[in-house]
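Below is one structure, written out as structure tokens; comments come after it.
Chain letters run A, B, ... following the sequence lines, proteins first and then strands; every chain starts at 1.
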Amino acid sequence: MFPAPFDYHRPGSVDEALALLTRYGADARVLAGGQSLIPAMRFRLARPAVLVDINALSELSYLREVDGMLAIGAMTRDAALETSALITSKYPLLADTSALVADPVVRQSGTVVGSLCHNDPAGDWGVTALAGRAQIVIRGATGTRTVTIDDFLVDSFTTAVGDGELALEVRFPTPPPRTAGSYQKIERKVGDFATAAAAARITLDANGAIADAGIAIGAAGPHALRVRDAELLLNGAKPTKELIRAAGDAARKLADPAADNRGSVEYKKDMAGVLVARGLIAALARLGVEGLR
Amino acid sequence: MSTTAEPTPDKYSLGQSMKRKEDPRFIRGAGNFLDDIVLPGMLWLSIVHSPYPHARLVKIDKTAALAVPGVVAVLTGEDLAAHNLAWIPTFHGYDKQMILAVGKVLFQYQEVAGVIATSREIAQDAAELVDVEYEPLDPVVNPFQSREDKIILRDDRENKTNHIYHWEVGKRDATDAAIAASDVSIKERVVFQRCHPAPLEPCGIVADMDAATGRLTLYLTSQAPHAHRTVVSLVTGIPEDKIHVISPDLGGGFGNKVPVYPGYVVAAAASVVIGVPVKWIETRTENLTTTGFARDYHMDVEIGATKDGKVTALKVTTVADHGAFDAAADPTKYPAGLFGIVTGSYDFANAFTELDAYFTNKAPGGVAYRCSFRVTEASFAIERGMEILARKLNMDPAELRLKNFVKKEQFPYPSPLGFVYDSGDYHLTLRKALDMIGYDELRKEQAEKRKRGELMGIGISTFTEAVGAGPSKHFDIMGIKMFDSAEIRVHPTGSAILRAGTKSQGQGHETTWAQIAADELGLDPQNIMVEEGDTDTAPYGLGTYASRSTPVAGGAIAMAARKIREKARKIAAHLLEASVDDIEWENHAFHAKGLPGKAITMQEIAFAAYTNPAPDSEPGLEATFYYDPPNLTFPYGAYIAVVDVDPETGFVKVRRFLAIDDCGTVINPMIVEGQIHGGLTEGFAIAFMQEIAFDESGNNLNTNFTEYLVPTSLETPHWETSSTCTPSPHHPIGAKGVGESPNVGSPAAFVNAVMDALAPLGVTHIDMPLTREKVWRACREASTA
Ligand SMILES: Cc1cc2nc3c(=O)[nH]c(=O)nc-3n(C[C@H](O)[C@H](O)[C@H](O)COP(=O)(O)OP(=O)(O)OC[C@H]3O[C@@H](n4cnc5c(N)ncnc54)[C@H](O)[C@@H]3O)c2cc1C
């Protein structure tokens, strides 16, 4: 299959891109890695009249730490995270995710920001962004704004990015000491979207209690979901098997997945719980806390 | 046989891992596949498909599509009916299939109209504009529902029933009696799900009618170009000399490129009518939803045994789902293919099998997906049955097999369902496998793990195939006997061209065919060019599927080469000034008896054949041979899978997999290993992730590679391989064929391993694919029970 007819622009600067997006409004779509948009166009599920290709904007390709945050530019590919020493040493949750999203070929093109903007209910980066308390920087004709990931994920395939706007980067707070995370995913094969997914991020205090927890699940609702009840249970508590089981149960309760070829509602709900528990166990193990299986 | 001495291996000998001659062009992207073919003035065909699985066609409005600039024609079933092409007979002639729907559509995605335009893009855009009005009818999506005959699907047929045929072989009463009288018996329904060969290159055609010469050239993704030429001639009445079928490089076939598809017929008809070339190439979705599926057998397996584990009787009762038309490409006398191999590697005194086939609102097919006509289904049934029996007897499954194998001194072994197995040493092969995998150690480890509640399983499959169809007394397709052929021409300087009636789709014929001829003739295999797939040049053959190429065409090549060698012997006698009777063939050269030092090579003889021919003999050095095999061949193997199951998620980790294959004489071990790796990967996919499933409304749920899963190197287990060798006594070089063994044998090994892991939970059987959810559910139900 091939796409329905469309016009194509390849701006040379962010300003030029914004001018095009402003001009074409709802008719235009940003083309980043193309790993979601192009397949949708080939199946003619998406029929944008105009593509604004931002691949020439190399200034949007970066991974850098600024003011206590890691900033990932809109043209930074998944593969860049996978091979970055900064990510593998300091951001285990992101490192885990970048190794599990899609397949190695897709990761050469796909971008983290593009994935967030696509907001597939089973996408991986939204889950990690929730657990990691990410923020997204959006620019439009009238200026730049920053939104939390919770406000960014509006509905399936819908985000806070409006017509005429461009997401510039996603920011993850740099983890404080005694912090670790883990990303867990069940997939039918490499390159498949998640049957179920969970991200866990834990900061321990000096007494070994949980100072701050970020827990989220994927493929369990219209978009990635923060498991608030689990976070509430975990914050301030000492990690125990029972606590972990309860966090998993909170995820089971929250999960509202759709049945499809990947699995039934019943299975996916249970897996949300299993993966939250496993994510916590793995994150705690990274902090040297063992024996919780 | 004219050979005089046991040869010492040299560079001409069989059994060497010569690199594939075809690979440089494939690796460099320089192959010539169907979609690479572009002819001047060529038009494109795009097909309109039905969204409904069962509906009456009310009206087709072409107006909007015809109004698109660049659209040349829009064809419907009614248009084809005017040329008597709305329906064509299926391969075995028992049924017919629709080319473009007339009256009703019978499966979702059925071909309804064809749009011909000046570009592929225009054809596809205009196809969206063909306005088809349907009146939906209730669909029938499973054969058990079909069997009730409440909704009759095929009102075009005389018999108002969905039942297609009943087939049976063996002794019903004796088998029933033996099972009833047995100390122990098992009965289990095992389903081999509907799956799809899914070759990476889908099907396609470029049809080129040359109005000036009256010749129709068809570039076709065809595993059987000659058979297709004959079908086209029979259906259209165009004389066969006016039809030229060329099957270019093929990107996989696996049985999917044997049938005739509507796109071929519409493109060819359009080219004939319009007088310019017309091209059609499938999308992935078209390939998965409309072209030949495989399996869809629901099998009730019953085995009777004595209490010490000697099997006494086997009965298998099958309900087969054939989809909308009976388009399975089986040999005429074998509607259920070679399913009679279901007694497998075991010596059953009594056996009986019967099968009933039904129409449903699903795509037609039932092709031999990397298997010799339903051998995979049969192997799965018996290997699952033996496993279930072992558990019921509380006996080790390896021991049960060793106790019941046909013994090597029983060959040639007449099976109770009518085959005569050529050769084998099943005990040797399984013992080698048990040894290599460290079976006893694994069982000890498993016992330890079970004590800790961990789920580890070991699964065995010791299958026997019947391949190489086949002897002319039994096998034909459309009446054409299933021989195959080879033609070899040796050039003056000692190189050669070899043509065969087969067609490689990735099997490496350009290499292995050259190796067979090289060994017979003492010529350099690098300089034996192999050509297949062009009906103007290749001798007539029935093509490549059902592991028949080496058993049949391989025999033809050896025999054609031997004809050449006999002529060469005369030339040698002439050159050596000796009597023909005194000429000996040794170490790939001729010498006069007693004078081995003065040898004369085939290269020298080739030159003489053109420059200094023997008196009383024709110049030149070439031969053609049509080989009618005296029997099928019976390759077999012993496969063992070791798995760990995670009960919390249902994930199955295939920790080890060992495949020991016995395919008789091995021509090229590297190619055999490659075939085994590919087939095991397919078997793994079938066991764990692949299915063409339908919802209750008849919607196909697996229409692209996001939903029909093809494993990558990342999740594919590591394969361990080895072999034993019992040559076929009746094949010219003792070879049996191997391409399909791993797909045939492995699914049962995987499933047996998982069921062994789940044995402590009391789980006996789960139907494939063994998805995480099914395994999770089984674990969960066991823990709550
Ligand atoms: C075979 C395959 C397997 C996959 N498996 C997975 C998987 O397992 N998990 C997973 O999460 N994803 C998976 N994906 C999706 C993949 O990760 C995509 O790369 C990702 O979802 C989108 O990123 P992209 O850069 O390719 O975006 P594009 O496809 O270019 O764009 C996606 C959408 O986001 C919009 N967009 C992109 N960038 C911006 C921007 N800067 N500002 C505003 N809007 C923007 C586009 O307009 C479009 O609507 C898979 C894709 C393929 C092809």
| said: Please classify the contact of A/Val274 with chain B as side chain, backbone, both or neither, using a heavy-atom distance under 4.5 Å. | reply: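 When you check distances to chain B, only side chain atoms of A/Val274 fall under 4.5 Å.
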| Considering only heavy atoms, which portion of A/Phe193 lies under 4.5 Å from any heavy atom of chain B: side chain, backbone, both, or neither? |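 Neither part; nothing is under 4.5 Å.
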Tell me which donor-acceptor pairs, judged by distance alone and kept under 3.5 Å, run between chain A and chain B, one pair per line.
from     : atom 1 : to       : atom 2 : distance (Å)
A/Arg44  : NH1    : B/Asp125 : OD1    : 2.7
A/Arg44  : NH1    : B/Glu128 : OE2    : 3.1
A/Arg44  : NH2    : B/Asp125 : OD1    : 2.7
A/Arg47  : NH2    : B/Glu128 : OE1    : 3.2
A/Arg47  : NH2    : B/Glu128 : OE2    : 3.2
A/Glu187 : O      : B/Arg772 : NH1    : 3.4
A/Glu187 : O      : B/Arg772 : NH2    : 3.1
A/Arg188 : NH1    : B/Glu707 : OE1    : 3.2
A/Arg188 : NH2    : B/Thr706 : O      : 3.0
A/Arg188 : NH2    : B/Glu707 : OE1    : 3.3
A/Lys189 : NZ     : B/Val710 : O      : 2.4
A/Val190 : N      : B/Glu715 : OE1    : 2.5
A/Asn261 : ND2    : B/Leu701 : O      : 2.7
A/Asn261 : ND2    : B/Glu707 : OE1    : 3.0
A/Ser264 : N      : B/Glu773 : OE1    : 2.7
A/Ser264 : OG     : B/Glu773 : OE2    : 2.5
A/Ser264 : OG     : B/Arg777 : NH2    : 3.4
A/Glu266 : OE1    : B/Arg777 : NH1    : 2.8
A/Glu266 : OE1    : B/Arg777 : NH2    : 3.2
A/Tyr267 : OH     : B/Thr649 : O      : 2.6
A/Asp270 : OD2    : B/Trp776 : NE1    : 2.9
A/Arg278 : NE     : B/Glu648 : OE1    : 3.2
A/Arg278 : NH1    : B/Asp646 : OD2    : 2.9
A/Arg278 : NH2    : B/Asp646 : OD1    : 3.2
A/Arg278 : NH2    : B/Asp646 : OD2    : 2.8
A/Arg278 : NH2    : B/Glu648 : OE1    : 2.7

| task | Could you name each residue pair satisfying ring pair (Phe, Tyr, Trp, His ring centres under 6.0 Å) that touches residues 112-132 of chain B, not counting sequence neighbours? | result |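 Every candidate ring pair (Phe, Tyr, Trp, His ring centres under 6.0 Å) pair involving residues 112-132 of chain B fails, so no pair, neighbours aside, qualifies.
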